[in-house]
Amino acid sequence: MTPNPALDAGEDPRVAAFEARIAAGESIEPKDWMPERYRKQLIRMMSQHAHSEVVGMLPEGNWITRAPSLRRKMSLIAKVQDEGGHGLYIYCGTETLGVDRQELVEQLLNGTAKYSSIFNYPTLSWADMGVIGWLVDGAAIVNQTILAKTSYGPYARAMIRICKEENFHKRQGYEIVATLAKGTPAQKAMVQDAVNRWWWPSLMMFGPSDTDSPNSGELLRWKVKRKTNDELRQRFVNLTIPQVQAVGLTVPDPDLRYDAATENWLFGPIDWAEFNEVIRGNGPCNKERLAARREAHEAGQWVREAATAYAAKHERRSTEAA
Ligand SMILES: [Fe+2]
Ligand SMILES: [Fe+2]
């Protein structure tokens, strides 16, 4: 595919054919022609998603050594490992768009790529492991269930597989929350404190409001996105509030109320100034997260070199044998 930005502006007949395929509900595959802008938007979205999976291992990895029982430790290790797998899977998907994973990783490490704002908040107590699984993975499921119908085939297929694991993550989180919520007063206070800290950042995970989301229009037209940020956020709130009530907890929102006419749980204003600060790199843990990724990347240098040498040796042997 030779990109031609001038033609992508709308003069190229291939654009009309491409858009007709999207309108007919067909999925776009790596070898199909696509507008350069579609490719770029997908690389941006998918690489941000992959980075988020990998950086998302850090806040929870922090608690593996302090899990309160062997069962909890095993579940948490499995979850964190799954997130690493999701990252690798989506990096592979992104490579089908003609970009090298190394390039994407460098963008993460040099701070030019974004990842989900949520992972820049600290994990202060064991209850955070429950609340992250429940709210953060729960928000990810709402987002990713819709992404499973995205127009780019490799991304859609990755989401179907990943959502199955995300459901396990959410359940293990909610189980921790439910256990603490019916525990001692101190345990209940600890889990309520975790909900208070994670509630608003979880709502911010869906991204800027539709009125302030520069990429949404195009992404919706090309069916990369199937629902707007605000629609997904509302769906998440509607699904979650009954779960909050079921375990006798509350969310830190004095404006929350049920609107019978629309059947929505209406919520108060989101602090977008906080969101923008975190996105700009000034959240509580941005520097710590990137430092941890850089350290891991440097420490893994010998593994990459060994794997490359091993692959070269095998290729040489199979060439000699042939
Ligand atoms: Fe994940
Ligand atoms: Fe997850």
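In listed order, ligands and their atoms are each counted from 1. Nothing here was measured: the structure is a model prediction, and the numbers come from that model.
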Query raised in the report: Taking all non-hydrogen atoms of both residues, which atom of T123 and which atom of W198 are closest, and how far apart?
Result: CG2-CZ2, 4.0 Å
Query raised in the report: Between E26 and K223, is there a salt bridge with N-O shorter than 4.0 Å?
Result: no
**Report entry** N, O or S from E53 under 2.8 Å to the Fe ion (ligand 2)
**Finding:** no
Requested in this report: Identify whether the distance between the nearest side-chain nitrogen and carboxylate oxygen of R21 and E29 falls below 4.0 Å.
Outcome: no
Query raised in the report: When you measure from the Fe ion (ligand 2) to each N, O or S atom of E166, which atom gives the shortest distance?
Result: OE1
Query raised in the report: Can you name the N, O or S atom of H86 that is closest to the Fe ion (ligand 1)?
Result: ND1
Query raised in the report: How far does CZ of F18 sit from OG of S151, to the nearest 0.5 angstrom?
Result: 6.0 Å
Query - Nearest to the Fe ion (ligand 2) - the N/O/S atom of H169, by atom name - result: ND1
Report summary line: The atom name of the N, O or S atom in D137 nearest to the Fe ion (ligand 2) is OD2
Requested in this report: Give a yes/no answer: is there an N/O/S atom of E83 under 2.8 Å from the Fe ion (ligand 1)?
Outcome: yes
**Report entry** Salt bridge E277-R280, side-chain N to carboxylate O under 4.0 Å
**Finding:** yes
